[in-house]
Structure formats: C-alpha cells, structure tokens
Amino acid sequence: MFEYQLNMAETVGFAIILLLLGRWIKKKVNFFEKFFIPAPVIGGTLFSIILLVGHQTETFTFTFNDDIKNLLMIAFFTTVGFSASLKILKKGGIGVALFLLAAVILVILQDIIGPVLAKALGINPLLGLAAGSIPLTGGHGTSGAFGPYLEDLGATGATVVAVASATYGLIAGCLIGGPIARRLMIKNNLKPTENKEGVDNSLLGSATEVTEESLFSAVVYVGIAMGIGALINNMLAKAGIKFPVYLMGMVVAAIIRNILDFNQKQLPFTEIGIVGNISLSLFLSMALMSMKLWQLIDLAIPLIIILLVQTVLMAFFAYFITFNIMGRDYDAAVMSTGHCGFGLGATPNAMANMETFTRANGPSVKAFFIIPIVGSLFIDFINAGVIQTFATWIVNNFM
C-alpha cells in the first residue's frame with residue numbers, strides 16, 4: 001500500500017485546496033446551497049470518500065499533521081467565548097432567556113436519548129453522545145472538536161459519527177421546520193402582529209471598517225485568551241482534572257468579554273468574527289479530510305435509528321415545548337420552525353426556515369431578534385459544558 005504522510009505546511013495547503021473545491025461545488029450544486037452545507041464539509045467529505053476507496057482496496061492512504069488543526073479548533077472556540085455577554089442576555093429580555101431555556105432543555109434531552117439508545121442498541125454510549133447535542137445543536141464545529149475527545153475516552157469512530165450526524169441534521173432541520181410551523185398556525189388560527197421588520201443590532205456590537213490594526217487587535221485578544229486558557233488547562237490536568245483542550249480558552253474569553261462590558265469598553269467584534277470564521281473553515285476542512293469513513297459501516301443501522309428518534313424528539317419539542325414556552329402566538333410558531341433548524345442543524349438553517357415561513361405568512365420581528373442572539377452568542381458555550389458533564393458521567397458509570 002502506498003502511504004504518504006503530510007507535514008504541517010502540506011496539510012494546510014491541502015486543506016485550503018479542498019476548501020476552495022468545496023466552495024466551487026457549492027456554487028454549482030443547488031442542493032448544498034439550499035441546505036446550508038458548509039464548503040469545508042463538502043470538500044473534506046469528498047476527499048474522505050477517496051480515502052475510503054484507498055482503504056477498502058488497500059492501495060493508498062494519507063496521514064495528516066494534527067498540530068495546526070488543533071490550534072485552529074482552539075482559536076475558533078475562543079472566538080465563541082467572546083460572544084458570551086451577560087449584558088446582551090439582560091438586554092435581550094425575557095424572550096431571549098426563555099428561548100435559551102428551551103434550547104438548553106433540548107440539549108439535555110438530546111444527550112440523554114443518544115446514549116440511552118446507543119446502550120440499548122449494543123454500542124458504546126459515548127457514540128450515542130456523538131449523535132446527540134454535539135452534532136445536532138452544536139453542528140460541524142462542535143463535532144470536529146468533541147469527536148476526537150470522545151475517541152480519547154474510548155469511543156472509536158466518534159468523529160465520523162458526529163460529523164455524519166451533523167450533516168444529516170442540517171437537512172432534517174430544514175425539512176421538518178416548515179410543516180410544524182404551518183400546522184401550529186392553522187390549528188391555532190395565528191396571524192402576525194408586526195407590520196415591519198426591525199432588529200436592534202446594536203446589542204451585537206457595531207460593525208466598523210476592518211483595518212490591519214483592528215485585525216491585529218482581534219488576534220491579540222484571541223491569542224491572549226488561548227494562552228491563558230492553555231495554561232489553566234495544563235494546571236488542571238496536573239491536578240487530575242481533564243477538559244477538552246479548547247474549553248478554558250473559551251471560558252477566559254467570556255470572562256474578558258464581560259469585564260470589558262462592565263467597564264463599557266468595546267471589543268473588535270467584526271475582526272474576532274473573521275478570525276473565528278477562517279479558523280473554523282480550515283479546521284473543518286482538515287477534520288473532515290482525515291475522516292475514517294470505514295469506521296461508520298458497522299454503526300450505520302444504530303446511528304440511523306438514533307438520528308430518526310432525535311428528529312422525532314425535535315419535532316415534538318418544537319410543537320409542544322418551544323411553541324408553549326415562547327407564548328403560543330404567531331411569533332412562537334415562527335420560533336418553532338427556527339428551533340427545528342437550530343436544534344438539528346445550525347443558526348443559518350434556523351434563519352432560512354423562518355425566512356421561508358414569514359415570506360409566505362407575514363413578518364416576525366421577535367423571532368428574528370431572539371434566535372440569532374441565542375444561536376450565535378450563548379448556546380455553544382452552554383452546550384460544551386453539558387456535553388462535558390454527560391461524557392464524564394458516562395465514563396464513570398458505563399465504561
């Protein structure tokens with residue numbers, strides 16, 4: 001068998017090529033645009049299929065350097081930490097708090113159902129966690145980060161399971177959202193209450209022109225938070241406490257954000273977002289291009305069962321829980337379709353669901369304000385803590 005091991009520079013170059021390929025394919029194939037499949041997922045998965053062919057035929061294989069991939073993962077989740085603002089949560093009012101509560105309840109249910117079904121189906125419960133809130137509420141970024149973490153805990157194939165589940169969730173979330181909201185609207189005779197759209201974007205930080213100085217400032221903030229987080233992680237590891245490598249960087253970033261909020265000082269939000277987006281794109285491309293798809297073959301049937309049950313859970317949750325928690329009105333119906341995209345896929349899927357529904361039935365200022373705040377600023381931070389808690393509990397009780 002021909003085997004080639006790529007060094008760090010070669011790995012970066014190869015990941016960029018696959019990212020560009022994914023962008024080109026996404027522009028050409030409407031299916032990927034419609035369901036918001038990320039470009040690095042397209043390019044990386046395509047190459048992982050090629051790797052699968054090489055493995056099955058025993059003709060070739062490629063091995064990639066993981067150092068830069070891990071750095072990019074830590075950088076991305078550190079930028080997420082900078083968005084966790086208590087000031088924004090307070091300004092968002094009761095609606096933001098209620099939807100965040102609904103989202104957290106769903107995360108917990110997803111992380112109960114996944115491991116329980118996995119145990120019942122005779123596979124590692126950690127693989128059920130890899131088909132829970134990690135890929136569904138978390139998406140591909142969380143899947144790429146927590147998959148290797150679960151594998152370190154003994155769940156072989158967790159990364160492949162998580163990434164495959166995340167891709168499924170993007171599609172399923174878009175498919176079930178519209179019918180659920182339409183059923184709620186007809187059954188309850190709901191009509192929109194607002195006459196115009198408008199969202200107070202000032203809560204999210206004002207956009208400014210990106211300059212070399214402002215971009216450097218963002219890199220400084222991210223780098224300092226990453227460094228302090230890594231130092232804390234090492235200290236905790238020596239004390240016998242193990243967390244995912246990126247978690248402390250995210251926590252430090254959140255602390256910095258709230259200290260600056262308290263002192264009424266502004267972060268370079270736009271630039272931090274740019275750093276995060278670039279890091280995520282390259283990280284996903286690297287994570288997916290090295291996937292071992294052959295590990296998925298024996299898990300196919302249990303995984304399909306778990307994901308179908310998770311889809312039913314999401315549908316019932318949006319219909320009975322989200323709708324009722326958010327007020328049983330038209331806005332609540334719109335947020336129910338948004339939660340389907342959000343809880344199975346990602347925030348862009350939630351926005352697409354709501355946009356499609358409101359275009360046909362009328363606007364909802366409230367829904368378009370609340371869901372982006374929770375999806376972009378809070379849920380990833382909370383989800384990471386929930387996942388860590390469940391993973392520790394599973395290892396201590398079932399491994």
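Numbers here are sequence positions counted from 1. Predicted, not measured: the structure shown is a model, and the values here were computed from it.
Both Leu136 and Leu308 sit in one connected hydrophobic cluster of ILVMFWY residues. Membership requires side-chain heavy atoms under 4.5 Å apart, directly or through other members. With hydrophobic clusters built from ILVMFWY side chains whose heavy atoms lie under 4.5 angstrom apart, Val220 shares a cluster with Ile255. By the rule that hydrophobic residues join a cluster once side-chain heavy atoms approach within less than 4.5 Å of another member, Val53 and Ile50 end up as members of separate clusters. Criterion: ILVMFWY side-chain heavy atoms under 4.5 Å apart, direct or through other members. Under it, Val245 and Leu236 are part of a common hydrophobic cluster. Both Ile259 and Ile224 sit in one connected hydrophobic cluster of ILVMFWY residues. Membership requires side-chain heavy atoms under 4.5 Å apart, directly or through other members.
Put simply, the side chain of Thr61 does not reach to within 4.5 Å of the side chain of His55, judged on heavy atoms. Side-chain contact between Leu260 and Ile256: present, with at least one pair of heavy atoms (C-beta onward) separated by less than 4.5 Å. Lys87 has its side chain out of reach of Asn258: every pair of non-hydrogen atoms, C-beta onward, lies at least 4.5 Å apart. Counting heavy atoms from C-beta on, the side chains of Leu293 and Leu51 never come closer than 4.5 Å. In this structure, Asn65 and Leu6 have side chains that are not in contact, with every pair of non-hydrogen atoms separated by 4.5 Å or more. You'll find the side chain of Leu344 stays beyond 4.5 Å of the side chain of Tyr168, heavy atoms only. Between Asn277 and Ile274 there is no side-chain heavy-atom pair separated by less than 4.5 Å. Between Phe342 and Ile379, the closest side-chain pair of non-hydrogen atoms falls below 4.5 Å.
Of the possible polar contacts, one joining the Lys26 side chain to the Ile37 backbone as a donor-acceptor pair under 3.5 Å is found. Of the possible polar contacts, none joining the Glu3 side chain to the Phe62 backbone as a donor-acceptor pair under 3.5 Å is found. Between the side chain of Ser285 and the backbone N or O of Ser281, no donor-acceptor pair lies under 3.5 Å. Listed for the Ser290 side chain is a donor-acceptor partner under 3.5 Å among the backbone atoms of Met286. At distances below 3.5 Å, at least one donor-acceptor pair connects side-chain atoms of Gln110 with backbone N or O atoms of Gly343. The backbone N or O of Glu213 sits nowhere less than 3.5 Å from a side-chain atom of Ser217 that would complete a donor-acceptor pair.
The minimum heavy-atom distance linking Ile42 with Gly22 is given by the pair CD1-O, 3.9 Å. For the pair Val222 and Ala75, the tightest heavy-atom approach, listed with the atom from each and the gap, is CG1-O, 4.2 Å. Nearest heavy-atom pair across Phe317 and Ala102 is CZ-O, 3.2 Å. Listed here is the closest heavy atom pair of Val334 and Ala367: CG1-CB, 3.5 Å.
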For side chain to side chain contact (heavy atoms under 4.5 Å, CB included), just list the numbers for Asn188 and Asp329, CA-CA rounded to whole Å, side-chain angles, deciding distance to a tenth of an Å, and then say yes or no. CA-CA 8 Å; Asn188 298 281; Asp329 55 10; over 6 Å; no
Using the side chain to side chain contact (heavy atoms under 4.5 Å, CB included) rule, take Phe357 and Asn353 through it: C-alpha gap first, then chi angles, then the decisive distance, then the call. CA-CA 6 Å; Phe357 186 78; Asn353 279 4; over 6 Å; no
Any chance you could lay out the side chain to side chain contact (heavy atoms under 4.5 Å, CB included) test for Phe2 and Thr59, step after step, and finish with the verdict? CA-CA 6 Å; Phe2 172 77; Thr59 54; over 6 Å; no
Start with the C-alpha gap between Ser214 and Thr211, add the side-chain angles, then the distance that decides, and say whether side-chain hydrogen bond (donor to acceptor under 3.5 Å, both in side chains) holds. CA-CA 5 Å; Ser214 65; Thr211 64; 3.2 Å; yes
Any chance you could lay out the side-chain hydrogen bond (donor to acceptor under 3.5 Å, both in side chains) test for Asp111 and Ser133, step after step, and finish with the verdict? CA-CA 6 Å; Asp111 287 343; Ser133 74; 2.7 Å; yes
Run the side chain to side chain contact (heavy atoms under 4.5 Å, CB included) check on Thr347 and Met351 step by step: do they pass? CA-CA 6 Å; Thr347 302; Met351 303 302 286; 4.3 Å; yes
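Surrounding CZ of Phe262 are at most 12 heavy atoms belonging to other residues, nucleotides or ligands under 6.0 Å away. Within 6.0 Å of atom CH2 in Trp294, more than 12 heavy atoms from other residues, nucleotides or ligands are found, so the atom counts as buried in its surroundings. Heavy atoms of other residues, nucleotides or ligands lying less than 6.0 angstrom from CD1 of Ile186 number more than 12.
Centroid-to-centroid, the aromatic rings of Tyr149 and Phe146 come within less than 6.0 Å. Between Phe47 and Phe14, the gap from one ring centroid to the other is short of 6.0 Å.
Going from atom CD1 of Ile387 over to atom OG1 of Thr392 covers 11.5 Å, rounded to the nearest 0.5 Å. Here the CD1 atom belonging to Ile25 is positioned 12.5 Å from the CD atom belonging to Glu33, to the nearest 0.5 angstrom. Between atom OG1 of residue Thr337 and atom CZ of residue Arg182 there is a gap of 12.5 Å, rounded to the nearest 0.5 Å. Rounding to the nearest 0.5 Å gives a distance of 9.5 Å between CG of Asp66 and OG1 of Thr63. Distance check: Cys340 SG to Tyr319 OH gives 12.0 Å after rounding to the nearest 0.5 Å. Rounded to the nearest 0.5 angstrom, Phe368 CZ and Met354 CE are separated by 4.5 Å.
Side-chain atoms of Thr45 and Ser48 include no donor-acceptor pair closer than 3.5 Å. A side-chain N or O of Thr159 and one of Glu151 form a donor-acceptor pair less than 3.5 Å apart. Between the side chains of Ser364 and Asp331, at least one donor N or O lies within less than 3.5 Å of an accepting N or O. Inspection of the Glu271 and Tyr221 side chains reveals no N or O donor paired with an N or O acceptor under 3.5 Å.
Taking the six-membered ring for Trp and thresholds of 30 and 60 degrees, Phe316 and Phe320 have nearly parallel ring planes, at less than 30 degrees apart. The aromatic rings of Trp393 and Phe390 sit perpendicular, their planes meeting at an angle over 60°, well past the 30° parallel limit.
Connectivity analysis of hydrophobic side chains (ILVMFWY, heavy atoms under 4.5 Å, direct or indirect) links Met235 to Leu231.
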